[in-house]
Every structure is written in structure tokens, then in C-alpha cells.
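Here is the structure we will look at.
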2 protein chains.
Amino acid sequence: MKNITIYDIAKEADVSVTTVSRVLNGTAPVKASTKEAVLRVIEKHKFQPNALARSLIKKETGTIAMIVPDITNPFFPEVFWGSENEAREKGYTFFLCNSAGEYGRESEYLSILREKRVEGIIFVGGRINLANCPPELVQEVVDTAKGIPVVLVNGHLAKSQLHRVYTDEAAGAALAAQHVIDLGHREIAFIGGMEELTTTIQKVKAVKRKLEEHGLGLRKDRLLFGEFSITAGRELMAKLLEQADRPTAVICVNDFTAIGAIKAATERGLRIPDDISIVGFDDSPLSTAVIPELTTVTQNTNELGKLAVERIYQINNGLPAKRSTVLQPKLVVRQSTGRAPGMA
Amino acid sequence: MKNITIYDIAKEADVSVTTVSRVLNGTAPVKASTKEAVLRVIEKHKFQPNALARSLIKKETGTIAMIVPDITNPFFPEVFWGSENEAREKGYTFFLCNSAGEYGRESEYLSILREKRVEGIIFVGGRINLANCPPELVQEVVDTAKGIPVVLVNGHLAKSQLHRVYTDEAAGAALAAQHVIDLGHREIAFIGGMEELTTTIQKVKAVKRKLEEHGLGLRKDRLLFGEFSITAGRELMAKLLEQADRPTAVICVNDFTAIGAIKAATERGLRIPDDISIVGFDDSPLSTAVIPELTTVTQNTNELGKLAVERIYQINNGLPAKRSTVLQPKLVVRQSTGRAPGMA
DNA sequence: GGCAGACATGAAATGGGTTTCATAGCCAGC
DNA sequence: GCTGGCTATGAAACCCATTTCATGTCTGCC
């Protein structure tokens with residue numbers, strides 16, 4: 001069951017393959033009658049040109065890729081959505097590579113994607129969030145970027161000069177801190193996130209600075225790290241609440257953690273926000289699903305994905321492409337934060 | 001900035017391209033010293049063979065695709081995770097195509113994927129859930145399946161004989177219904193899901209039958225349709241609660257809807273499950289995130305994805321492949337269901 | 001010593017398109 | 001009637017691998 005090729009079409013339509021190619025691509029004028037005849041044969045066999053052969057000679061595959069650590073974490077589908085939508089318009093098809101958080105798989109995929117000659121790679125999460133990314137992991141990406149446009153979303157690789165699109169997470173965390181301070185809170189904690197990731201580090205640093213600006217500090221026992229999951233948030237919050245003098249406000253590394261925190265607090269009979277305030281980060285759809293609805297920091301996640309594809313497109317088409325684009329997050333005040341207890 | 005090819009390597013290593021190819025693929029023995037020399041040159045230039053050229057002649061692309069309606073709906077990433085993991089092991093890379101619920105985009109992608117010569121397409125959601133899928137939309141998929149293995153996940157296309165992997169959703173809905181009946185509920189409602197989708201229809205039918213088995217009925221005003229979203233669940237539940245005689249148990253088409261329902265009930269001051277019981281469907285991570293934790297029906301979503309890839313692999317390798325695989329769902333009882341009010 | 005068979009290697013065909021360059025036919029203008 | 005300039009079309013080169021088939025060398029065995 002041989003595939004039909006452009007040669008078969010040419011023979012049957014009694015023209016040369018050149019003419020068939022021209023009909024397919026409109027690269028040169030073809031007499032109306034000839035064109036019709038060719039199209040008829042194409043239609044008859046439902047012929048579709050082999051994209052591999054075309055890509056091989058045109059050196060364009062029309063594919064790009066995204067590497068994510070965990071597609072079941074709702075942040076990533078959100079980025080993907082933004083990227084995919086833009087990609088479709090630009091004529092790209094998308095490889096989605098899930099690394100399951102293993103750097104080895106990222107490397108593996110990087111290699112496969114190079115072989116497949118993708119025209120762009122969007123890296124989000126994984127090694128690009130590592131505060132101390134091993135040089136060889138950095139090098140792989142840098143080397144890849146020599147041949148293929150690489151865009152890092154919400155991440156960074158030291159001294160790499162790679163294209164970046166990211167949210168100012170520190171600014172977002174500062175907003176969250178300012179918010180609870182304004183509400184009169186003085187006993188403030190931060191929970192969640194892996195300690196070695198920049199996502200975590202930046203936020204912690206920003207919260208610390210903001211507290212210090214107001215003569216407050218972030219106590220060591222009120223800074224707890226862990227996964228980005230609901231479960232982790234719940235456990236970390238439980239730990240906080242066991243302390244003799246529990247905080248009155250908790251800033252969480254992301255919405256998942258915050259939701260876990262809400263659970264832990266509610267389970268212990270605390271009222272939110274009367275007894276304790278909780279702030280999330282990301283403004284995922286979940287933030288309005290929980291009770292009370294979550295005060296959180298919104299980053300324009302779709303836009304992040306969209307911009308990444310835009311960069312790739314620009315680079316591939318010799319258009320000017322900003323090396324670094326930063327989006328400013330906003331605070332969304334909902335129901336999980338309120339005035340500090342005893343502040344009326 | 002020309003790409004290096006196998007010819008460049010051959011020339012520099014002073015051998016033929018045949019030999020280089022053999023070194024790369026191990027398809028024939030090569031003298032150790034020659035091999036080393038070739039490898040040295042390859043390493044030096046970090047040469048990676050062009051997958052397009054290879055695919056063209058081998059007629060194997062090592063790529064498969066998944067078409068989903070909405071990757072931000074957590075059900076789909078879960079399926080994808082299962083598929084991707086299996087695909088990696090089998091040496092496939094994954095295209096992810098998001099149709100945004102538009103059938104036109106599905107068609108578009110189908111065409112692109114054929115051109116790109118993917119070795120399998122996993123269809124989940126979208127037209128395959130349409131109770132009355134227009135013949136031309138069916139035909140497209142059937143035609144595609146003549147050249148490429150197609151597997152439908154949790155869906156179906158009338159008279160199509162396509163490979164399928166799915167959860168017995170009717171059985172799941174029956175479990176949910178039986179559960180609330182066992183708890184003494186008599187006033188039972190069903191909410192959510194688009195009316196024209198089989199996912200919805202099957203569940204409704206199963207719930208109806210189960211109620212009838214127990215001499216109960218599903219009143220028309222207790223059967224409300226809508227989107228699969230949290231918002232929709234909230235609105236539909238609100239409508240139910242406005243009714244003079246509100247139900248004591250509500251079965252929801254999925255977890256999202258159920259979470260919306262919980263919100264609506266809580267907002268009206270109802271206690272769950274004391275005043276009203278709520279059941280979800282899917283057992284998504286969210287089901288343990290909400291308060292109270294959701295009683296729901298669990299389908300082994302990862303497995304669904306995994307099995308789909310397995311089928312594709314089997315078909316492509318001439319192994320026996322079951323045309324239809326059905327997974328049995330299970331009920332997970334948590335906190336959102338309890339005895340009917342007044343049943344002690 | 002001679003020949004079969006194993007081993008190492010290369011030339012050329014192949015896959016299915018696109019593109020360059022050449023050619024043929026036709027009309028207008030002088 | 002001849003030439004310049006279009007338009008329409010085709011032959012062949014090219015993209016970059018894999019694979020078949022052929023060739024040359026070496027070894028083993030009778």
C-alpha cells in the first residue's frame with residue numbers, strides 16, 4: 001500500500017512534477033486548464049504532500065516545542081494554551097514534552113528536538129528555575145540555542161543571554177506582602193516551594209525586603225519550604241499552626257499551596273480571614289473555586305506563552321526580537337485576606 | 001551557516017557516508033579503529049543526523065499526536081501525562097493539538113498531522129463526544145484512520161469501528177446514584193454537561209435508570225445542563241436551590257461542576273453533607289482540595305492515556321490490538337455526601 | 001595452493017518533495 | 001519577417017539520510 005506521491009499525480013495529470021508543485025504552492029503561474037486538471041487528480045486521490053520531504057529541502061518544519069516539568073500542574077496548560085493559540089496562527093505545530101521534573105529527560109528531549117529540526121523551543125520550569133543550575137545543564141541549552149531559537153519562560157540561566165519572557169515574581173510577592181501589612185498584619189509567614197528554585201527564592205527575598213521596610217522581619221520558623229502541591233501546603237500550614245504564636249497572615253508560593261493552607265486552617269477550626277489571612281500566587285482557575293475565594297497575585301499566564309511564540313517567530317523571520325520581556329503581576333483581592341485580628 | 005551533514009563527517013573522517021551511517025545506527029559491523037575515528041569527528045562537530053531525512057526514507061517519524069478540546073481542563077493533562085510517559089518509552093515524541101472546542105480546528109489538525117506523517121493520533125473529547133456527530137466529521141476521522149492508527153479515548157464515532165479506550169461512564173454514574181440512594185436520598189438531581197455530548201447523556205441515562213430501579217424518577221426541573229466549568233456548576237446549583245422543594249442530593253457531571261455546586265450551596269448557608277449531598281466525577285486533584293472533600297467517581301485517567309499509546313504501538317508493529325478496552329470506574333466516598341436529612 | 005565465507009567498506013539508488021535553469025510557444029513592435 | 005519579452009512548462013539538481021548491492025581483503029579449511 002504505497003503512498004501516492006507528487007510523481008503519481010504528475011503522471012496521471014500528464015504534466016511534470018514541477019507543475020504539480022506549482023499548483024500546490026502557487027509559486028508560479030499555471031494555465032487555468034492545467035491547474036484544474038491537476039487539482040482534479042489531487043482531489044481524486046486525496047493526495048497530501050509529504051511534509052517530511054518538503055521540510056527537508058525547505059529547511060522549515062513548521063514545528064516548535066515546549067518543555068514543561070509537569071503538565072498536570074495547571075500553570076503549564078495555561079502557558080501552553082497561550083502559546084498554542086499563537087503558534088497555530090503562525091503556522092506552527094506543537095511538540096509538548098513533559099520532563100516529569102527529571103533533568104535527564106529535559107536533555108533527552110533537547111536532543112530529540114534538535115534532530116527533528118524544530119524551529120523553536122520554549123522552556124518553562126525545570127532546570128531554568130534552578131538557582132544553581134549545573135554548568136553542563138546550562139551548556140546544553142546554550143548550545144541548542146545556537147541552532148534553534150530558545151525562549152525561557154519565567155526562568156533564567158546564568159550568563160546565558162538567552163531570550164526570556166517572564167513575570168516579575170518579586171514584584172508580585174512584594175504586592176502580596178504590602179497587602180497584608182496594610183491590613184495591619186505583623187506576624188507574617190511564607191510557605192511553600194522548593195528552596196533551590198528561583199521562583200521560591202525571589203518571592204522569599206521580596207517578602208523579606210518588604211517586611212524589613214516596615215520594620216518587620218521574617219522569622220526562620222515562619223519560612224517553610226516544600227513542594228508546590230496542595231498536600232505540601234496543607235502540611236506546611238499545619239506546622240505553622242502548631243507553633244505557640246502562630247502568624248496572622250501567610251503568603252504562599254502558589255495557589256496550590258495556598259489552597260492546602262486554607263484546608264489546614266479550616267480543619268483546625270480557624271476562620272479565614274478573621275483568624276488568619278492567606279495569599280496565593282498565580283490566580284489559577286482554582287482560586288475562585290475554593291471557599292473563601294483566594295486573594296492571589298495574577299500573572300498573565302496566557303500572555304507569557306503567547307509572547308514566547310512571538311519571539312520565536314521574530315527570530316526565525318529576522319525581525320527585531322526583544323531579548324527580555326517582563327510582565328508586571330497584579331494583586332487580586334478576594335476573600336481570603338482581611339484585617340489582622342484585633343485591628344477592628 | 002550550513003548544517004553539517006553525514007557527508008561532511010564522512011569526508012573529514014575519510015570514509016564513505018555508508019560507514020558513518022553504520023556507525024550511527026550499528027546496522028553493520030565497522031572496524032573498531034574506523035568507528036573510533038568517525039565517532040571522534042561526530043563528537044567534534046556535535047553532529048546530529050537530520051531526523052527528517054531519516055524519517056523520509058525509513059517511513060517512520062517517531063511522532064504521535066493527541067487532539068484535545070481544552071488542555072486547561074485538568075482531565076486532559078492527566079490523560080496526556082499517561083500517554084506521554086508511555087510514548088517516551090516507546091520512542092515517540094508527542095504533538096499536542098488544542099482544538100479550543102472548535103471542530104474546524106480538529107479538521108485542520110487532522111490534515112496537518114497526516115502531512116507530517118505522524119504514526120498515531122489519540123482523539124479525546126471534541127467531536128467524538130458528540131451524540132450526533134455530522135457524517136462528514138466522522139468521515140474525516142475514518143479516512144485518517146485508513147492511513148494512521150487512530151484511538152478514541154472516552155468517546156465514540158457511530159459505525160466507525162475505530163479503536164477505543166474508555167471508561168464505563170454509565171457504570172460510574174450508576175455507582176454515584178446507588179450511593180446517594182443507599183444514604184436514604186429520594187430527592188435527587190443531576191447537573192452539568194452539555195446536553196449534546198455523550199459524556200453527559202450516558203450519565204443521565206444511567207442515573208435515571210438507577211433511580212427508576214428504586215421506584216424513583218428524575219424530574220425534568222432537576223436535570224440541568226450547561227458547561228463543564230466551575231462557574232456553570234455554581235449557576236446550575238443556584239437554580240436548583242431556588243426551587244421550592246430543593247433536592248437533598250445532587251450528582252454532577254464532573255468535579256468542576258461539583259465544586260461550583262459546593263460553592264453555591266455554601267454561599268446560601270447550606271451545610272454539606274448535612275443539608276445536601278454532592279457527588280462529582282473524575283476524581284481530579286481538586287476533589288481533595290475543596291471543603292468538604294468531594295465524594296466522586298474515579299476513572300483511571302492516566303491508564304486511559306497509557307493504553308491509547310499502547311494500542312498505537314501494537315497496531316504499528318503488527319501486534320494484536322484490542323479494538324475496544326473499557327475501564328471500570330470506582331466510587332470514592334469522601335465528605336460531600338451523607339445520610340439524607342431526617343434519616344438520622 | 002585454491003576456494004568458500006566472513007568481514008569491511010563504498011558507490012549508487014532511494015525517499016518525496018522544491019527550485020533553478022532551460023526551452024518552447026506566442027504575441028507585439030519595427 | 002525578425003527579434004525581444006512574456007507565459008507556460010519541464011529536466012535535472014538538491015535536501016540528507018538509509019539501504020542494497022558490489023567489491024576487495026583476509027582467513028580458514030581441504
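Computed over heavy atoms, backbone and side chain alike; hydrogens, waters and symmetry mates excluded. Quick note on labels: first sequence line is chain A, next is B, and so on, each numbered from 1.
Distances from the side chain of L24(B) to the nucleotides dA8(C), dT18(D), dG15(C) place dT18(D) closest. Checked against dG10(C), dT18(D), dC16(D), the side chain of T18(B) finds its nearest nucleotide in dG10(C). Among dA8(C), dA17(D), dC15(D), the nucleotide with an atom closest to any side-chain atom of K59(A) is dC15(D).
In this structure, Y92(B) and Y313(B) have perpendicular ring planes: the angle between them is above 60°, well past the 30° mark.
For Y7(A) and R22(A), each mapped to the nucleotide of DNA chain C holding its nearest heavy atom, the one lying further toward the 5' end belongs to Y7(A). The nearest heavy atom of DNA chain D to R117(A) and to S33(A) marks one nucleotide each, and the one closer to the 5' end goes with S33(A). The nearest heavy atom of DNA chain C to I57(B) and to A28(B) marks one nucleotide each, and the one closer to the 5' end goes with A28(B).
T19(A) comes within contact range of the sugar-phosphate backbone alone, with a heavy-atom separation under 4.0 Å but no base atom that close. Among the heavy atoms of the strands lying under 4.0 Å from V15(A) are primed sugar atoms or P, OP1, OP2 only; no base atom is included. Residue T34(B) is classed as a sugar-phosphate contact, given heavy-atom separations below 4.0 Å to backbone atoms only.
Between the CD atom of Q48(A) and the C1' atom of dG16(C) there is a distance of 14 Å, rounded to whole Å. In this structure, CG of N25(B) is placed 7 Å from P of dT19(D), rounded to the nearest angstrom.
Looking at D8(B) and K11(B), no side-chain N of the basic residue comes within less than 4.0 Å of a carboxylate O on the acidic one, giving no salt bridge.
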